[in-house]
Amino acid sequence: MDFRRITPEDVDAVTEIAIRGMRAELYPLNLSREKVRALVRHFAEGGGWNLCAFESDKPVAVCGVLTQEMPFFERKEAVAVALYSERAGAGWKLIREMFRWYMADPMLRVLRWPLEWDAEPRMMRIAERAGFNSFSVTASHYKT
């Protein structure tokens, strides 16, 4: 497996694996393939932070993180918007590298990794093992 950043040539293939990882069937929202593709293109052009695992030219794991200014503080926050793996061990490496990147940037104050509403307990253990130290319930309402 080769771990590297997304390039413009990877956009279509990474879009497909990112969509597989979204589990859109769980939510009463319409997934926009074009919006996902635009976000992957944003990563390929150097926006945010990303890392993918590839076997040959096929992506088998993806991690993408967006950053933004915090609303009330002179710092930034980061949100993992894509974190999905189809190969054992690849996801763990992506999580470790994401956390390493986050810890190295003094302006980043908060890293969030939103988990699915029915995430397996193993995911919580992985998050804790990686260094996430706060967990909370997020209330949401989806208009249909």
Side-chain angles (χ1 to χ4, degrees), residues 1-54 59-144:
M1 242 179 311
D2 176 38
F3 290 85
R4 62 176 172 79
R5 304 282 190 257
I6 301 168
T7 67
E9 293 77 29
D10 301 322
V11 169
D12 290 333
V14 172
T15 296
E16 293 307 313
I17 190 171
I19 288 172
R20 284 196 301 277
M22 289 180 172
R23 299 175 60 193
E25 68 279 2
L26 297 178
Y27 304 97
L29 302 168
N30 293 323
L31 180 70
S32 169
R33 183 173 295 279
E34 272 312 303
K35 283 188 173 187
V36 175
R37 189 174 192 285
L39 182 58
V40 173
R41 190 173 21 240
H42 171 75
F43 286 129
E45 293 169 353
W49 179 88
N50 73 84
L51 189 64
C52 286
F54 290 85
V60 294
V62 60
C63 183
V65 183
L66 292 177
T67 62
Q68 64 185 20
E69 292 291 325
M70 292 182 80
F72 305 113
F73 305 100
E74 296 296 329
R75 293 284 189 268
K76 294 181 180 180
E77 57 188 356
V79 178
V81 295
L83 187 47
Y84 176 67
S85 176
E86 295 178 342
R87 293 296 180 273
W92 176 239
K93 179 167 175 65
L94 294 179
I95 292 168
R96 280 195 334 256
E97 292 301 319
M98 172 182 65
F99 213 84
R100 186 172 300 148
W101 160 80
Y102 161 72
M103 293 300 286
D105 187 336
M107 289 302 290
L108 286 171
R109 184 73 177 143
V110 177
L111 172 60
R112 291 188 178 88
W113 173 20
L115 296 171
E116 302 288 349
W117 67 270
D118 68 340
E120 293 182 31
R122 292 182 304 165
M123 296 306 289
M124 295 298 284
R125 288 192 300 273
I126 287 171
E128 192 171 22
R129 194 171 124 212
F132 288 86
N133 57 12
S134 177
F135 300 88
S136 63
V137 174
T138 301
S140 301
H141 181 269
Y142 292 97
K143 291 191 283 185
T144 56

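- Using a 4.5 Å heavy-atom cutoff, the side chains of Met98 and Leu51 are not in contact.
- Side-chain contact of Thr15 with Asp12: a donor-acceptor pair under 3.5 Å is absent, judged by distance alone.
- Expressed to the nearest 0.5 Å, how far CE of Met124 lies from CZ of Arg129 amounts to 15.0 Å.
- Side chains of Pro59 and Asp10 form no contact here, defined as non-hydrogen atoms less than 4.5 Å apart.
- A side chain to side chain contact (heavy atoms under 4.5 Å, CB included) with Pro114 is found for exactly one of Val79, Val81, Leu83, namely Val79.
- For the pair Phe3/Lys93, a side-chain contact is recorded, criterion being any heavy-atom separation below 4.5 Å from C-beta on.
- A cation-pi arrangement, defined by a distance under 6.0 Å to the six-membered ring centre and an angle within 45 degrees of its axis, is present between Arg4 and Phe54.
- Atom CE of Met103 has 12 or fewer neighbouring heavy atoms from other residues, nucleotides or ligands inside a 6.0 Å radius.
- Between Phe132 and Phe99, the ring planes lie perpendicular to each other; the angle is over 60°, past the 30° to 60° tilted range.
- Rounding to the nearest 0.5 angstrom, the gap separating the NZ atom in Lys76 from the CE atom in Met70 is 12.5 Å.
- Considering only residues two or more places apart in sequence or on other chains, Asn50 meets the side chain to side chain contact (heavy atoms under 4.5 Å, CB included) condition with Arg5, Ile6, Phe43.
- Atom OG of Ser134 sits about 11.5 Å away from atom CG of Leu111, to the nearest 0.5 Å.
- Scanning for side chain to side chain contact (heavy atoms under 4.5 Å, CB included) contacts around Asp105 gives Met107, Leu108, with sequence neighbours left out.
- Side chain of Tyr102 to backbone of Arg109: a donor-acceptor contact under 3.5 angstrom is found.
- From Arg125, atom CZ reaches atom CD of Glu128 across 10.0 Å, with rounding to the nearest 0.5 Å.
- Heavy atoms only, all atoms of each residue included: Ala18 and Val36 are closest at CB-CG1, 4.2 Å.
- Residue Glu69 holds its CD atom at 7.0 Å from CD of Glu74, rounded to the nearest 0.5 Å.
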